[in-house]
Each structure stands twice: as C-alpha cells, then as structure tokens.
> 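Dumping the structure here so I can ask a few things about it.
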Amino acid sequence: MTTHPVLRLTGITKRFGTTLANDAISINLAPGEVLALLGENGAGKTTLMSILFGHYTPDAGTVEVAGVQLPPGKPRAAIRAGVGMVHQHFSLAANLTVLDNVMTGTESLWRLKSSTGAARAKLLSIAERFGLKVNPDARVGDLSVGEQQRVEILKALYNDAKILILDEPTAVLTNLEAETLFATLRVMAQSGLSLIFISHKLNEVMAAADRVVVLRGGKVVAERMASATSKAELAELMVGRRVARPVREAAVPGTVLLEAIDLDVGRRLSGINFAVHAGETLGIIGVSGNGQTTLGHLVSGLARHTGGELRLFGQPINHTSVRSLIEAGIGRVPEDRNEEGAIGEMAIWENAVLERIWEFSRHGLVDRHAARQFATKIIDGFDVRGGTPDSRTRLLSGGNMQKLILGRNLQNRSRILVAAQPTRGLDEGAIAAVHTRILEARRAGTGVLLISEDLDEVISLADRIQAIVKGRLSPPIPAEQADARMLGLMMAGDWPQDGKFAHAS
Amino acid sequence: MMELLEIFTSAGIWGAVLRIATPLIFGTLGALICERAGVLNLGIEGIMTFGAMIGWLTVFNGGDLWVGLLAAAAFGAVFGLLHAGMTVTLGLSQHVTGLGITLFASSLSYFIFRLAVPLASSPPTIEPFQPLVIPYLSALPFFGDALFNQTAPTYLAILLAVILAYVLFRTPLGLAVRMTGENPHGAEAQGVNPIAVRIGAVMVGSALMAVGGAFLTLSAFNSFFPTMVQGRGWVCIALVVFASWRPGRALLGALLFALFDAYQLRLQAVLGKAVPYQLFLMVPYVLSIIALIVTARRARVPQALMQPYRRGER
Amino acid sequence: MRLERRAHRPLVLVLLAPVIAIMAALAIAGVLIAMAGAPVLEAYRLILTGAFGTRLGFTETLTRATPLMLTGLAAAVAFRARVWNIGAEGQFYLGAIAVAAVAATVFSGWPPYLLIPAALMVGAIAGMVMLLVPLGLRLRFGVDEVVTSLLLNFVVVLFVSMMIEGPLKDPLAFGWPQSIPVGPEAMLPKLIDRTRLHIGLVIAIVIAVLVYFLQSRTVFGMQSRAAGLSPTAAVFSGVPLAKTLIKVACLSGGLAGLAGAIEVMGVKGYVTTDLSPGYGYSGIIVAMLANLHPIGVIAAALFTATMFVGADSMGRALGIPSYIADMTVSLSLLTMLVSIFFTQYRIRR
Amino acid sequence: QTVIKVAGIHASPVENAWNSRLHEAMLDAAKEGLIEYVFSEGVSGTDYARAMREYAEQGHQLIVGESYAVETEARQVAADYPDTAFLMGSSGEPSGDNFGTFGTWNHEAAYLTGMLAGAMTKSNVVGSVGAIPIPEVNMLINAFNLGAKEVNPEVKTLVAFIGTFFDPPKAREAGLAQIDAGADILFGERIGTADAAKERGIKSVGSLIDYTPRYPDTVFANAMWYFRPLLDAALVDVAAGTPVGKNYTPTSLMKDGGNDIVYVPDAAPAEAVAAMEAKRTAIKAGEFEVPINMEEPA
Ligand SMILES: Nc1ncnc2c1ncn2[C@@H]1O[C@H](COP(=O)(O)OP(=O)(O)OP(=O)(O)O)[C@@H](O)[C@H]1O
Ligand SMILES: Nc1ncnc2c1ncn2[C@@H]1O[C@H](COP(=O)(O)OP(=O)(O)OP(=O)(O)O)[C@@H](O)[C@H]1O
Ligand SMILES: [Mg+2]
Ligand SMILES: [Mg+2]
C-alpha cells in the first residue's frame with residue numbers, strides 16, 4: 001500500500017504512576033486497512049487506543065488523522081476527525097434507548113430541538129447497509145450482549161467514522177456472532193473504512209487482519225503482515241517466549257460425581273440431563289442467553305432447581321447453598337470474575353478465603369495468619385503475579401485474578417470444578433496457564449463442568465460436549481466427534497429428539 | 001364526615017395548594033436536574049435558606065422583586081459551583097459535601113442577615129409579589145380563586161416544569177445531561193464532557209433551589225426569619241425519588257404534598273384537637289414513603305447517581 | 001491539569017492535611033469575623049481558649065463530642081456496608097424517647113447498676129428498629145434507603161413531639177412539652193463534678209474500639225465489608241446478604257439509638273424536640289472525615305466538637321452573631337474534606 | 001449607681017416576637033445606662049447550659065433568658081454559680097437564692113382584644129393560630145376566646161397549631177385555612193397570621209408586640225406584653241443584693257404595666273370599645289381577674 005496513512009501515531013508515551021503503559025509507540029494505518037493490535041493483558045493496547053481517541057492525554061507523542069494533528073485529550077475532536085471507537089467496556093446507558101445512546105453528542109448541545117426523526121432514519125439506513133439490525137426504541141438494558149455490541153458499532157458509524165477502533169469486540173460474543181461481526185467489518189473495509197481491532201483470539205486475527213502489530217510491556221515488539229505469520233509465531237511474540245496450549249490426553253472417567261436428571265430451574269432450564277464423572281471434563285457450549293448463567297448458578301449454589309433431581313455423589317440434594325456445595329468439594333469459577341469472582345477493593349488474602357471463611361475462623365474471629373498462608377500458597381502454587389497477599393485485588397491483571405480464583409478452588413483439590421467462561425478476555429499466555437490447571441485437576445481425578453462459549457476451548461478441554469439451547473441440553477457427544485460444523489448445528493438446537501445422536505456412544 | 005370532604009370543594013384549598021407547592025416545585029426541579037446529571041445535592045436546605053435571605057435582602061435594599069429572584073438564583077449557582085467543585089471536579093462524597101454546604105449556607109445566611117439588617121422587634125418587611133390578575137381567567141367563579149389568583153413565581157414554577165421536561169427529553173442538551181447521569185464514560189466517549197455537564201447541571205439546579213427559597217420571603221411571606229425553610233429542602237429530595245426523576249411527576253408530587261399540607265391545616269379547623277396535630281404533619285412524609293414503595297420497582301434511578309467521574313481513572 | 005491518584009499517601013501530607021484544613025477554615029472564618037467588626041487574631045485565640053483553655057470549655061468539648069462519636073460510628077458502620085443510613089437523627093430521637101418511656105416507669109426502683117445498662121439497651125433497640133424499617137423496605141421492595149431513612153427522621157421527631165405532648169408528657173412541667181424525666185437513678189455518673197461531662201464519653205470510646213475490632217478481626221466485619229463493596233460477589237461467596245445487612249443495620253441503628261439514650265441519661269434528663277442540634281447529620285460528616293475508620297471517628301468527633309465549642313464561645317465573648325460557630329464548623333469540614341482528598345491525589349500539569 | 005452587667009440568652013433568633021420583647025427592653029435599659037448588655041441568640045437546648053455557664057464565668061451579674069427546654073439543667077447551673085443572678089422565662093418554680101422565674105402573662109390584654117373581636121365578627125367565627133400548645137400560648141388563646149364569648153355568646157372559636165415556632169408562611173396558610181372555615185377575625189399568636197387576614201381583607205389581632213404599624217389596615221388590636229417592669233424589678237434586687245430566687249410573674253399583670261391592649265380606636269364599634277375600656281379599668285383596679293386556663297384550647 002502506497003497511499004499515505006489515514007492515521008499516524010508518533011512516539012506515544014503514557015505513564016500511570018509507576019507503570020509505563022505506552023513507551024514511544026508509533027503506528028500507521030492505511031485507508032481500507034485492517035490492523036490487529038495484539039498483546040498480553042496489560043500490554044497497553046487499550047491505553048494506546050484511548051489516547052488516540054482522546055480519552056487520555058499522552059505524556060508525549062502525537063496523533064495525526066489524514067495529516068492533521070489532533071489536540072490531545074479531546075474525544076470530540078477525534079470524533080469530528082472521523083475516529084470511532086468501540087470500547088472494551090461498553091459505554092452505553094442501559095436506561096436509555098438505542099436511539100438516545102446513538103444520538104448523544106451528535107448535535108450541537110444548544111439546539112432547541114433534537115432531530116429525532118432524521119436521526120432515526122439515518123440510524124436505520126446505516127443498520128441496513130451494514131446488516132446490523134436493531135430496534136431504535138429498545139431500552140439498551142433489555143438487549144443481549146451481542147445486540148449491545150451492535151449498538152456500540154452503530155454509534156461509531158453514525159458519526160461517519162472513517163477509522164473504526166474495536167477494543168476486544170468479540171470477548172463476549174460467541175463464535176457465531178464473532179464471525180458475523182467480522183464479515184460485516186470486511187464489508188466496511190472494502191468500502192474504504194480503516195479498522196484497528198484488538199483481540200486475544202489468534203484465529204480471528206489471522207482470519208480478519210491485513211497486518212498485525214504486537215505490543216509487549218508498552219512497546220511495539222513486532223509488526224507482521226497477516227499473510228506472512230502464524231498463530232504460533234504471534235503467540236510467541238506476545239508473550240516473549242514459546243507458549244502452546246496444553247493438549248488434552250484421553251480421560252479415565254471414574255464414578256459419577258454430579259448428575260442432573262430431568263432438572264428444571266423455573267422456566268429458565270427445563271428437563272436437562274447431564275452427568276459429570278470423576279477425572280473427566282464435560283463441556284457445555286451455547287450461545288449466550290440460552291441458560292448458561294442459570295446452569296452455572298445452579299451448580300454454584302446460587303439458584304435452586306424446581307423440578308427433577310440433582311445428585312451429588314449419588315445422593316439427591318434438595319436445597320443447595322454456597323456453603324454446602326463448597327463443603328461437599330465443589331470448586332466454582334464464576335463467569336464474570338470482576339462482578340462475582342473477586343472484590344477488587346479487598347486484599348488478595350481476603351478474596352482467597354471469603355467463600356470458605358469458616359475454614360479460616362474460629363468463634364467468629366478471622367484467623368488472619370492462616371488466611372495469609374493460604375493466599376501465599378495460591379500465589380506460589382498458581383503463579384499469581386503482581387501482588388502480595390495484602391495488596392488490593394484490583395491491582396491484578398485479569399489473567400492473574402483468574403489464577404487466584406482457580407487457585408482458591410484447586411489448592412485443596414476440589415472433587416468437582418465448575419468453570420464458567422474461565423478464559424474470557426484473557427491473553428494467550430494466561431489461557432495456556434488456566435487450561436493447564438484445569439487439565440491437571442482433571443488428571444488428578446476432579447470432575448470438571450466447563451461452561452464456555454468459546455468453541456476452541458471446549459473442543460480442546462472437554463471429553464464430552466453438550467449444547468444448551470433455550471434452556472434445554474442436548475445429549476452429549478464425545479469430543480472426538482466434535483467439529484465446528486457439528487457444534488454449530490447443536491448450538492442451533494439441531495439434535496435428534498430421541499435424545500441420542502446416531503453415532504454417539 | 002361530609003365536612004372532611006367539603007374541604008375540597010372550597011376554592012381556598014386549591015389556591016393554598018399552589019402556593020404551598022411553589023417552593024417545593026422549584027426545589028424539586030432543581031434537585032432533579034442535579035440528580036439527572038448524577039449528582040445528589042443535599043446542600044438544598046441551605047441553598048434554599050440562602051436564597052430566601054439574599055432574595056429578601058436585595059429587595060429590602062431597594063432592588064426590584066425580580067432582581068431579588070435573580071440574586072437568589074445567582075447565589076444559588078455559586079453554591080452549586082462550590083458543591084460541583086467538590087463533588088464533580090474532585091469527586092468527593094456527595095452526601096457529606098451536601099450536608100456540609102447546608103450547614104454552611106444556612107449559618108452564613110443568618111450571619112449576613114444579622115450584620116446587614118438592624119435589629120427590630122419584628123423583622124422588617126418588603127412589599128412582596130402580588131397575585132397576578134389574568135384577564136378573564138382570574139374572574140372565573142371558583143377556578144379564578146382556586147387556580148388563577150397566584151403570584152407570578154407560581155406560574156413560573158409550573159412553566160418551568162414543562163420547560164424542563166421538554167429540555168430533558170427533546171433537546172440534545174437534555175440527552176447529554178441524561179447520558180451523563182446514566183454513564184459518564186459513555187458521554188465522554190461521544191464527545192460530551194461529563195464534568196462540564198455536571199457542573200452546569202448542579203449550578204442551574206442550585207439556582208432553582210435558591211429561587212424556591214426566595215419565594216418564601218418574596219411571595220409567601222414578606223420577611224426573612226432564620227430557620228424559616230423548615231425542612232422543605234429535604235422534602236424536595238424525597239419528591240425527586242417519588243417523581244422517578246421526571247419533571248412532570250415532580251410537579252404532581254409537589255402538588256400532592258402541598259395538598260396534604262393544606263388539607264391538614266383545614267382539617268384542624270374541623271376536627272379540633274381530637275387527633276394529635278403531629279399525625280397530620282406526618283401524613284405527607286408517610287405518604288411519600290408509601291409512594292416510594294409503590295413506585296420503587298418501576299423507578300429508573302440514574303445509574304451513575306452519586307458515582308464520581310474522574311477523567312482517566314477506571 | 002488533571003488529578004492523579006497517589007501510589008501511596010505520604011506521611012507528611014497525612015499529618016499536615018488537618019493542619020492546613022483548619023488554617024484554611026480559620027482564614028475564611030477570619031474574613032467573616034472581620035466583616036462583623038471583631039479583631040480576628042483575638043478571635044482565634046478565643047476559639048482555642050474557648051474549647052480548651054478553661055475547665056468549662058474542655059469538659060464541654062468532650063461532652064459535645066460524646067454523641068458525635070456514637071452517631072459517627074453509626075454512620076461509619078453502615079456506610080462501610082453501603083447501607084446509606086441518613087436516618088441517625090431519627091434513631092437518636094427514638095432511642096432517647098424510648099429511654100424516657102421506660103426509665104422511670106417500667107424500670108423504676110431498679111438499682112442503678114441494672115437500670116442504667118437496661119435503659120441504654122432499650123435506647124439501642126429502639127434505634128435498631130428505626131433503621132430496620134428502611135432496610136427492610138430496601139430488601140423487600142427495593143426502595144432506596146437514602147430517602148426513606150431521611151424522611152423517617154421527620155416522622156420520628158413528630159412522633160416524639162406527639163409523645164411529649166401526650167402520653168409521655170411531664171405533668172410537672174406546667175404543660176411545656178417535655179417528657180417525664182428519667183429520674184436521678186438513671187442519670188449517668190459524672191466524670192468531673194460540676195460539669196456536664198459524664199461517663200458516656202468512656203462508653204463511646206470503648207465502643208469505638210470494639211467496633212474497630214469487630215470490623216477488622218471478625219467474620220462479620222469481613223462479610224459486611226464484602227456486602228458493601230460488591231453485593232454480587234458477596235452472594236457468590238456465600239455471604240448471606242440480607243442477614244449481614246440486617247446485622248449491620250442493627251449495629252448502626254443501635255449506635256445512633258444509644259447516642260440518644262446517652263444524651264438523655266448523661267446530660268438532659270428528659271426529652272424535648274430540641275435534644276439534638278443535628279447530631280445525626282453531623283455524625284455522617286464525622287464518619288466521612290474519619291474515612292469510616294472507627295478510631296478515626298473519635299478524632300473527628302473531637303475535632304468537630306472543638307471547632308464548635310471554641311467558635312461558639314468566641315462569638316459570645318466578642319459579641320458577634322452566634323451563627324459564627326456553625327459557620328466555622330462547616331467551613332472546617334469542607335476544607336478538611338478537600339485536604340484529605342489531596343493526600344490521596346495530586347494535580348499533574 | 002453602678003451599671004449592672006446583663007447577658008441575654010435567646011433560644012430563638014431575636015426576631016421572634018417573645019424574644020424581641022426581652023431584647024428590646026434590655027437594649028433600652030442599656031441605652032439608658034442602667035445595664036451593659038450582651039446576648040447570644042439561636043442557642044439550642046444542647047448549648048443553652050454552656051452559654052449560661054460561660055456568661056457566669058465571664059462575670060455577668062444578671063443572666064436573662066428562657067429555661068423552658070432546659071429547666072433542670074438551668075437550675076443546676078444556677079446552683080453552681082451562686083454569685084450570679086438568673087432571670088428566666090420558665091414554667092417551673094424559682095430555685096435557690098439566685099434563680100428567678102417569670103411567665104408571659106398578657107392574657108389580660110388578650111381577653112380585652114377578644115372582647116373587641118367578639119363584638120366585631122359578622123360570621124360569628126373567630127380563629128387563632130398558635131405555635132404549639134404550651135401553657136402560655138394556651139392561656140393566651142383561651143383568654144382571647146373567653147373575651148370574645150363574653151360579649152358574644154354565639155361566637156365559634158377555631159384554633160390551629162402549626163407545630164413549630166418558626167414558619168411564618170405556614171402560619172399564614174393556617175390563617176387562610178381558618179378564613180376558609182368561616183373565620184372573619186384572626187388572633188395571631190404567630191407572625192404570619194395577619195398576612196392571611198390582610199390578603200383576604202379581614203381584621204386581625206396581634207400578640208406580644210404591636211403589629212399595627214406592620215399591618216395598618218388589618219391589625220386593629222394587640223395584646224401587648226412588656227418585659228421592662230420584670231427587668232427593672234430584677235435589677236433592683238440585684239443592685240440591692242436581695243435574692244432574685246422568686247417568681248417575678250405578677251409583675252407581668254396589667255396593673256403593674258406588664259401587659260396591656262393597644263388598639264385602633266375607630267376600628268371597633270363605639271359601644272364595644274366602651275365595654276372593653278370598662279373591663280380594662282376593672283382589671284387595672286383589681287376588680288376583675290381574667291381567668292387563667294392553661295389547658296389546650298378545644
Ligand atoms: N487509568 C489507569 N490508571 C492506572 N493504571 C492504568 C490505567 N489504565 C491502564 N493502566 C495500567 O496500564 C497498563 C496497560 O493497560 P491497558 O488497559 O492499556 O492494557 P490492555 O493491553 O488493554 O490489556 P487487556 O488485554 O487486559 O485489555 C496496565 O498495567 C494497567 O494496569
Ligand atoms: N430472573 C429472570 N426472570 C425471567 N427470565 C430470566 C431471568 N434471568 C434470565 N432470564 C431469561 O432466561 C434465559 C436464560 O438466562 P441466562 O442468564 O441463564 O442466560 P445466559 O445464557 O447465561 O446468558 P448470557 O450469556 O447473556 O449471560 C434468557 O432468555 C433470560 O432472558
Ligand atoms: Mg484492554
Ligand atoms: Mg448470562
């Protein structure tokens with residue numbers, strides 16, 4: 001490409017306290033180009049994009065769009081210059097409508113009347129053109145995550161973005177949704193839009209990007225044309241050493257540990273059947289909104305079944321509570337580690353013991369010594385980096401927080417591990433670490449219930465796979481028979497009604 | 001028992017409702033603007049007091065009544081700026097700052113009043129707003145007395161509720177305010193400066209609160225007394241929640257509250273001391289709580305209410 | 001120019017912050033004092049001697065700090081668990097009136113060593129009940145307790161007024177609305193004779209230490225903090241959310257109720273509707289100044305009381321309007337908030 | 001003759017009608033060179049005892065104020081400072097040698113205003129707006145009602161309490177409510193009541209201070225109360241060194257100039273004025289005693 005760049009970042013440097021988040025980063029973007037920005041958690045990707053968009057003021061460096069330098073720290077100027085951004089953490093107002101969200105800031109604040117009609121028409125026409133269907137009057141809080149993602153993109157496009165930045169747009173999407181998204185993005189690129197996207201999913205990067213820039217520790221460490229690199233190389237560039245996801249060996253399933261028989265949870269789960277064996281991983285896949293959260297909550301002690309039977313070690317159990325399940329040996333990894341998994345403002349040691357506080361207290365008094373020791377063991381044993389037992393948990397990166405959560409569950413070897421979306425948003429190195437731990441636990445005889453929307457993850461970890469669709473569970477198929485097409489069909493609800501796949505064991 | 005209902009058929013009670021409601025309408029709309037932008041302003045009680053004092057003092061020193069209202073608004077905005085400077089720019093606790101401002105603004109009002117006004121046996125008076133005669137309407141039987149025999153600020157208050165509803169829901173500025181109250185990060189991402197919006201909203205809101213206070217000394221009465229605001233500010237804070245953050249319902253809520261107040265005053269005349277008067281005085285508060293229970297599930301609290309927004313922090 | 005969180009709080013600043021805050025507040029108050037035509041430096045000296053310089057000033061400062069410590073603790077305990085108790089004023093009054101109702105009637109004739117603890121208990125329970133109402137409404141109906149607890153303050157004060165003009169009216173007070181006295185047996189022993197300083201101060205300090213212990217060392221402390229910081233995560237960790245919040249409310253409301261009981265039994269002897277000059281509201285400010293730390297509450301309450309008693313006495317000595325006291329207090333609260341903030345943040349560029 | 005150092009402690013701001021009576025009397029005395037006067041206002045119940053002690057320690061010889069909300073504590077303070085004299089508005093008894101009390105007795109004047117009102121009312125309904133039903137307010141309203149009934153047995157009396165001492169707009173609303181209920185003459189124990197009367201063009205009666213200048217066409221009579229006789233009596237005792245621990249209330253009676261009616265002569269019918277004046281003379285001569293009824297008026 002010989003045309004001169006639509007975007008030029010020169011020498012961007014940004015420091016947060018003692019962290020050097022961006023260190024003299026320079027990047028160009030050509031018209032119609034799709035650039036992937038890759039890097040470990042905390043490499044500085046979001047920071048860089050926030051500077052480009054004007055959220056943060058850089059300590060040094062400049063941003064030029066189409067040859068014109070943007071004033072630092074002015075999102076409005078960036079928007080005017082044609083930069084659109086889809087944030088890693090959605091910046092939507094749940095209580096407002098889609099149209100309200102899209103229209104905010106698009107008109108002069110001192111106009112006496114919003115041109116709602118024109119805005120609606122424009123929104124619908126953009127939605128039409130790029131195949132991003134939405135209802136402009138829906139309340140955003142009522143939309144699914146995938147739909148909210150669409151609104152985020154529409155927001156950027158509505159402002160006539162020429163450069164679109166997407167910060168981990170697929171982190172919360174299913175493969176299917178992600179594929180649709182990338183198809184849309186390709187169309188956009190062809191019509192002249194330039195794109196930067198951030199992702200931890202190497203498949204996506206390889207499939208969608210023209211060029212890849214890799215950040216590490218705030219520096220650009222490599223730049224590759226997508227056609228001239230491989231997933232393995234990218235992974236190594238990111239982490240700085242060779243990483244490979246562990247490979248699952250054949251399972252030796254033992255007795256049934258946890259079993260559901262025709263189980264209902266209100267109207268959200270109905271008539272589901274599954275069985276988790278010792279030393280085996282059962283994977284549950286599905287598109288979000290079909291009942292995974294409820295299933296995860298049920299086996300975590302947060303929801304109760306209203307019909308059917310739940311058996312733990314062969315014994316039917318009627319009411320579950322968090323404590324009873326933990327005491328019975330169930331380890332739980334929640335799907336949202338920031339919301340449910342840990343309390344950012346509390347110390348690491350507190351988060352390590354909170355859910356099993358009775359083991360670390362006597363007569364209502366917390367045994368802080370024992371609790372700190374436990375935390376230290378997790379930190380050492382599970383390679384949790386970036387904190388001591390007494391530091392605030394918020395300081396940990398996503399991957400390390402996830403290791404802490406896994407660690408507190410596996411330190412004293414759980415008999416059953418429920419892992420919901422265990423690697424959501426994690427970088428390649430962290431994913432490998434988490435997967436290794438899960439496989440280790442399985443090898444040691446733990447029965448794992450893996451609930452995930454990431455097909456690759458399920459295929460590589462699970463021994464048997466079931467799909468969840470509209471609150472119902474498909475019958476299991478062995479992982480050996482699973483391929484993307486087959487799983488795709490299952491997630492669409494396409495399975496024989498007699499409950500058996502013809503070729504299932 | 002008929003007597004209890006007959007009270008409602010007198011024009012007097014409806015006129016009283018509008019009068020009693022007026023300071024509440026101003027105050028509630030002011031608090032509503034602040035909260036829509038995400039800032040709880042518990043400074044209201046003190047700001048109303050200051051408005052009552054400074055509005056009156058301006059007129060006492062020869063200013064026009066409208067100049068008095070403007071002075072109140074201006075000083076209200078200054079206290080708003082103080083509140084915003086602490087809670088928006090610095091992100092300090094909104095409760096505490098607000099309570100601190102209430103204490104400061106009220107004591108400062110009394111202090112200034114004491115220094116500025118010579119001691120007299122009964123507080124000096126000004127010539128307050130007179131009822132605005134509206135051609136034809138004021139002459140209507142019953143309705144003329146009930147609805148169209150008010151001073152100009154009362155009509156202004158009602159008009160303001162309508163204007164505010166329009167601004168909030170039909171203009172880009174209103175959308176920016178609502179977005180800021182729901183998700184300041186979202187506002188920022190769309191090129192709206194949430195800090196500026198919040199500061200502006202708190203200043204405007206506080207100005208209205210002060211005007212509500214000034215109504216007490218420039219229309220409802222003609223002198224300033226220390227402590228004369230008598231908790232009306234707190235009632236406004238409750239009314240905002242009661243109104244689910246909607247100007248129209250705020251108007252309604254203020255009128256309803258005033259109706260209870262007007263009714264209980266008249267009820268005393270009918271029932272005498274058969275029932276402790278405190279029970280009547282409790283009614284508006286208790287009803288507000290009941291209303292909150294009824295509307296709680298439906299109310300959409302601005303999501304970012306009381307959450308400080310600091311640029312570049314996550 | 002923007003604000004940046006400091007990695008750690010420099011000790012020098014932490015120590016300097018209150019000093020700077022007080023100086024700033026006094027500087028602003030100085031302008032107002034000068035406006036009133038009084039000598040400013042003399043005024044400063046009088047504030048100091050007013051609060052500490054005499055036996056009277058010193059004991060009055062401590063007396064005034066006592067209820068503030070308790071209502072400050074009430075707010076600190078609740079806010080830590082994100083229970084927004086703005087209703088300490090009402091809990092204070094209900095605690096007070098409850099004591100007045102039982103001390104000289106139900107408990108009459110009891111020996112002081114039984115009567116006093118029992119009466120204090122009754123006050124605390126009344127305060128608890130008063131906070132359980134808004135908390136119950138929140139848990140059951142999702143009603144925001146900021147507003148309900150605030151509104152209940154007015155209901156309680158009216159209720160108290162009804163009681164002291166009705167069933168609890170003191171027949172010997174010639175019709176003036178005040179409650180029957182708690183009686184001499186129920187009065188808390190004085191710490192120093194011929195002053196108002198009473199044993200309540202010791203009770204408040206001991207309780208602050210206990211609360212500190214409770215919050216930092218016990219399961220309840222940890223769980224209530226978790227419930228406050230992140231209800232979802234707390235539930236996931238098996239923290240019984242409702243139960244924990246109810247306990248928090250009992251503690252917080254109980255402390256505010258106790259404050260009312262102690263004020264009646266320590267100072268006044270009976271209840272009127274001006275028993276509290278806003279102790280419930282000031283408690284919130286005290287708690288925030290203390291950064292919700294129970295031991296800090298002791299210091300913050302002392303500070304607030306010092307400013308008030310000192311400025312009040314100064315105003316009286318110089319003959320400037322007595323509102324100067326409230327002004328000085330509120331100014332120093334506001335400047336204190338700001339200066340504490342700058343121990344945590346710095347301004348860059 | 002030595003100048004006596006006097007300190008006033010007002011629970012309310014000195015604008016409050018009752019406090020203003022004390023305040024003005026003391027200001028006048030100071031102007032005449034009889035006393036040196038300092039004061040605190042808006043002193044809450046919690047702070048009241050401290051204010052007393054501070055003034056006592058500063059060496060003020062006479063402390064004037066109101067102990068309604070702090071009866072017990074105030075007497076304790078007096079006991080702790082035996083060399084200081086206290087003169088307190090109080091519903092209780094004097095105590096010791098140095099704690100004297102007084103009540104606010106302008107009920108006689110209120111009775112006389114009631115006589116005028118009873119004669120003047122056309123609707124035969126008169127209303128009173130009070131703060132809260134405390135003895136001295138009750139006594140006043142009862143006397144007013146009794147006076148009205150004496151000349152007009154048909155008259156119906158309305159009473160409203162606004163539940164607070166300080167909310168003039170509320171007093172005004174209460175007044176309006178009574179007008180709506182038929183009253184055509186209002187007795188305003190609270191400021192604000194006359195505003196309602198003025199607004200509706202009816203007549204009104206003031207209490208404690210002379211409201212006629214403030215509402216010239218509305219307030220035709222006032223039940224005045226004078227603090228000066230009380231103050232003078234106490235000052236005499238202080239100067240002479242005789243104990244002040246006694247009840248000074250009788251000094252409030254009309255015959256001693258402690259209260260009286262002030263009215264606009266041609267506002268009321270001549271025969272009503274004549275009847276009232278006759279009663280006034282009788283009271284002053286000690287021939288008629290206005291009944292004291294401290295019960296809450298019905
Ligand atoms: N507002 C902030 N204040 C302090 N530190 C910050 C802030 N934003 C980012 N950081 C730190 O800067 C570094 C880079 O963060 P950034 O969010 O850019 O990483 P990232 O590459 O986007 O990571 P991820 O893949 O997890 O999204 C991290 O160490 C992070 O903790
Ligand atoms: N409390 C509830 N009341 C009624 N319906 C609910 C409730 N919670 C969830 N649902 C509905 O039940 C279905 C399954 O919900 P669930 O949250 O378990 O889905 P999910 O697959 O975990 O979704 P996601 O991945 O988006 O979190 C959805 O259609 C959801 O809208
Ligand atoms: Mg990121
Ligand atoms: Mg879900």
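Since the model is a prediction, treat every value here as computed from it, not as a measurement. In what follows, every chain begins at residue 1, and chains take the letters A, B, ... in the order their sequences are listed.
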> In terms of heavy-atom pairs under 4.5 Å with chain C, which of A:His297, A:Arg332, A:Glu355 leads?
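The answer is A:Arg332.
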> If I measure from the heavy atoms of chain C, does A:Ser321 come under 4.5 Å with its side chain, its backbone, both, or neither?
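Nothing of A:Ser321, per the 4.5 Å heavy-atom cut-off to chain C.
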> With rounding to the nearest 0.5 Å, note down the distance linking CD1 in A:Ile357 to CE in C:Met222.
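These two atoms lie 4.0 Å from each other.
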> Looking at A:His363, A:Arg323, A:Glu350, A:Glu345, which makes the most heavy-atom pairs under 4.5 Å with chain C?
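If we count pairs closer than 4.5 Å to chain C, A:Glu350 comes out on top.
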> Contact part of A:Arg356 toward chain C, heavy-atom cut-off under 4.5 Å: side chain, backbone, both or neither?
neither
> Which value, rounded to the nearest 0.5 Å, describes the distance between C:Ser237 atom OG and A:Arg408 atom CZ?
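So the gap between those two atoms works out to 5.5 Å.
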> So for A:Arg368, is it side chain, backbone, both, or neither that comes closer than 4.5 Å to the heavy atoms of chain C?
side chain
> So which residue, C:Ser230, C:Ala226, C:Gly238, C:Ala234, ends up with the most heavy-atom pairs under 4.5 Å with chain A?
C:Ala226
> Count the heavy-atom pairs under 4.5 Å between each of C:Val239, C:Leu214, C:Thr218 and chain A, then report the option with the highest count.
C:Thr218
> What closest approach, in Å, do A:Val322 and C:Val235 show between heavy atoms, and which atom pair accounts for it?
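That closest heavy-atom pairing would be CG2-O, 3.9 Å.
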> Is chain C contacted by the side chain of A:Leu365, its backbone, both, or neither, given a heavy-atom distance below 4.5 Å?
both
> Could you report the tightest heavy-atom contact between A:Ile343 and C:Leu229, atom names first, then the distance?
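In this case the closest contact between A:Ile343 and C:Leu229 is CG2-CB, 3.6 Å.
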> When you look at CZ of C:Phe79, are more than 12 heavy atoms from neighbouring residues, nucleotides or ligands closer to it than 6.0 Å?
yes
> For the residue pair A:Ala342 and C:Ala233, what are the closest heavy atoms and their distance?
O-CB, 4.1 Å
> With heavy-atom distances below 4.5 Å as the criterion, would you say the side chains of A:Glu339 and C:Phe236 are in contact?
no
> Return yes when atom CZ of C:Arg6 has more than 12 non-hydrogen atoms of other residues, nucleotides or ligands closer than 6.0 Å, and no otherwise.
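Yes - once you tally the heavy atoms of other residues, nucleotides and ligands closer than 6.0 Å, there are more than 12.
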